[in-house]
Amino acid sequence: MTAPRSLSVIVPAYCEADNILGTLENVVGALAGLPLTYEVLVIDDGSTDGTGALVTANAGRFPGVRLLTNDRNRGFGWTYRRGVEAASHDYIVMVHGDNAWGAGTLHDLFGHVGDADIIIGYTRDMWASRPWARTLISKTFTALVNLIAGRRLRYYNGLQIHRADVLKALTIQSSGYAFQAEVLVKALRRTHTFVEVGMDLMERERGESKAFRVKNAVDVVRTLALLCRPEERMAAE
């Protein structure tokens, strides 16, 4: 018999009052019917718009959801690491609180839990689903990381399902949006198998993306430089 599979879903949210309930509806809906034990960890990253209060007020609608609150805005990388530390199940995935993914495409991704050491989500037809400038930046970043890592992956900043034991053993230095690339590159060095899964992006309907900030641009450069270091490239090899 196949051993039961379990999944911790980390949902970082910074000022996502307009999107967090929709995100939880899609995440919980996607998990319904799958042979998975799960938990959903919402981490309010110092929001000032009542994001955390909304989660608390609607706790009865979302079984298995737990709220953690940062003392101040810590950023995606720090918040992700906190979620990884708090996660109690065998696999871990992060789903942003911006409601960018529908239940159907999340269901397809979650259905691959346990099929490989890492499940790597990538955005189908990104040129059609995102502004061309953001797509160009994403494609350029992917090409650079592939060059550094010696890979041919489609995307490094999408949803990724990792083994919890691997994630908990990683040392992640990045703190902004580029941290997912560092996580994936390092996790690939410590595992053997991966599967890439196409996903359909809805893109946020409410609020503004926090991706295009100076501190995130700086973090991208720092992450690329980090991955170029010989000691990082040779680690765990």
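Quantities reported herein were computed from a predicted structural model and do not represent experimental measurements. Basis for what follows: all heavy atoms, side chains included, without hydrogens, waters or symmetry-related copies.
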(request) Measure up the F179 and Y80 rings against each other and bin them: parallel (under 30°), tilted (30 to 60°), perpendicular (over 60°). (result) tilted
(message) Any non-hydrogen side-chain atom of V93 less than 4.5 Å from a side-chain atom of H162?
(response) no
(message) Assess the residue pair I92 and L7 against the criterion (side chain to side chain contact (heavy atoms under 4.5 Å, CB included)); give the C-alpha distance rounded to whole Å, side-chain angles, the decisive distance to 0.1 Å, and a yes or no.
(response) CA-CA 6 Å; I92 299 174; L7 179 67; 5.8 Å; no
(message) I need the minimum non-hydrogen distance between L68 and A86, along with the two atoms involved.
(response) CD1-CB, 3.9 Å
(request) Heavy atoms only: give me the nearest N19-G97 pair and the separation to one decimal. (result) CB-O, 3.4 Å
(request) Take R66 and V42 through the test side chain to side chain contact (heavy atoms under 4.5 Å, CB included) and record every step on the way to the result. (result) CA-CA 6 Å; R66 181 157 57 102; V42 178; over 6 Å; no
(message) Are more than 12 heavy atoms, taken from residues, nucleotides or ligands other than R74, located less than 6.0 Å from that residue's CZ atom?
(response) yes
(request) Check step by step if side chain to side chain donor-acceptor pair (under 3.5 Å) holds for E182 and T223. (result) CA-CA 7 Å; E182 183 186 355; T223 299; 5.1 Å; no
(message) With heavy-atom distances below 4.5 Å as the criterion, would you say the side chains of I148 and L224 are in contact?
(response) yes
(request) Please report the closest heavy-atom contact between V145 and A181, naming both atoms and the distance. (result) CG2-CB, 4.4 Å
(request) State which residues pass side-chain hydrogen bond (donor to acceptor under 3.5 Å, both in side chains) with T193; sequence neighbours excluded, sorted by chain then number. (result) D117
(request) First locate atom CG of L227, then atom CG of L147, and finally report the distance between them rounded to the nearest 0.5 Å. (result) 11.5 Å
(request) Would you mind reporting whether T69 and I43 have side-chain heavy atoms less than 4.5 Å apart? (result) no
(request) Check G198 against T105 and note the closest heavy-atom contact, atom names and distance. (result) O-OG1, 4.3 Å
(message) Are I118 and I161 packed together at the side-chain level, in the sense that at least one heavy-atom pair is separated by less than 4.5 angstrom?
(response) no
(request) Kindly work out whether a path of hydrophobic side-chain contacts (I/L/V/M/F/W/Y, heavy atoms less than 4.5 Å apart) joins L41 to F76. (result) no
(request) Give, for atom CZ of R151 and atom CG of L184, the distance between the pair rounded to the nearest 0.5 Å. (result) 8.0 Å
(message) Any non-hydrogen side-chain atom of V11 less than 4.5 Å from a side-chain atom of H96?
(response) no
(message) Donor-acceptor pair, distance only, cut-off 3.5 Å: does the side chain of D49 make one with the backbone of A17?
(response) yes
(message) Testing V27, N26, L21 one by one against T23 for a side-chain contact (heavy atoms from CB on, under 4.5 Å), which residue passes?
(response) V27
(message) On a heavy-atom basis, which atom in V195 and which in A116 lie closest, and how many Å separate them?
(response) CG2-CB, 3.7 Å
(request) Kindly compute the distance separating NE2 (H112) from CG (D108), expressed to the nearest 0.5 Å. (result) 6.5 Å
(request) Only pairs at least two apart or in different chains count here, so list each side chain to side chain donor-acceptor pair (under 3.5 Å) that has a residue in residues 138-150. (result) N146-Y156
(request) Give the cluster check for M199 versus F110: same hydrophobic cluster or not, with ILVMFWY residues linked at side-chain heavy-atom distances below 4.5 Å. (result) yes
(message) If hydrophobic clusters are built by linking Ile, Leu, Val, Met, Phe, Trp and Tyr wherever their side-chain heavy atoms come under 4.5 Å apart, do V166 and I120 end up in the same one?
(response) no
(message) Regarding R81 and E85, does a basic nitrogen lie under 4.0 Å from an acidic carboxylate oxygen?
(response) no
(message) Could you walk me through whether K186 and I172 satisfy the side chain to side chain contact (heavy atoms under 4.5 Å, CB included) test, starting with their C-alpha distance in whole Å, then the side-chain angles of each, then the deciding distance to 0.1 Å, before giving a yes or no?
(response) CA-CA 9 Å; K186 289 184 174 181; I172 303 302; 4.2 Å; yes
(request) Rounded to the nearest 0.5 Å, what's the gap from CH2 on W101 to CG on L159? Could you check? (result) 6.0 Å
(request) Indicate yes or no: at least one non-hydrogen side-chain atom of S6 is less than 4.5 angstrom from one of L36. (result) no
(message) Between Y155 and L188, is there shared hydrophobic-cluster membership here, with clusters defined by ILVMFWY side-chain heavy atoms closer than 4.5 Å?
(response) no
(request) Supply the atom-to-atom distance I20 CD1 to Y14 OH, rounded to the nearest 0.5 angstrom. (result) 14.5 Å
(message) Hydrophobic cluster membership, with links at side-chain heavy-atom distances under 4.5 Å among I/L/V/M/F/W/Y: are M94 and V84 in one?
(response) yes
(message) Please list all pairs meeting side chain to side chain donor-acceptor pair (under 3.5 Å) that have one or both residues in residues 29-39, counting only residues at least two apart or in different chains.
(response) S8-E39, E39-S88
(message) Do V183 and Q160 have side chains that approach each other closer than 4.5 Å (heavy atoms only, starting at C-beta)?
(response) yes
(message) I want to check something: taking the side chain as every heavy atom from C-beta on, are N157 and F141 in contact at a cut-off of under 4.5 Å?
(response) yes
(message) Rounded to the nearest 0.5 Å, what separates atom CD in E16 from atom CG in D45?
(response) 11.0 Å
(message) Is there a side chain to side chain contact (heavy atoms under 4.5 Å, CB included) between D115 and R5? Walk through the geometry before answering.
(response) CA-CA 10 Å; D115 288 354; R5 298 173 179 181; 3.3 Å; yes
(message) I'd like to know if the side chain of S47 pairs up with that of D44 as donor and acceptor (distance under 3.5 Å, no hydrogens or angles considered).
(response) yes
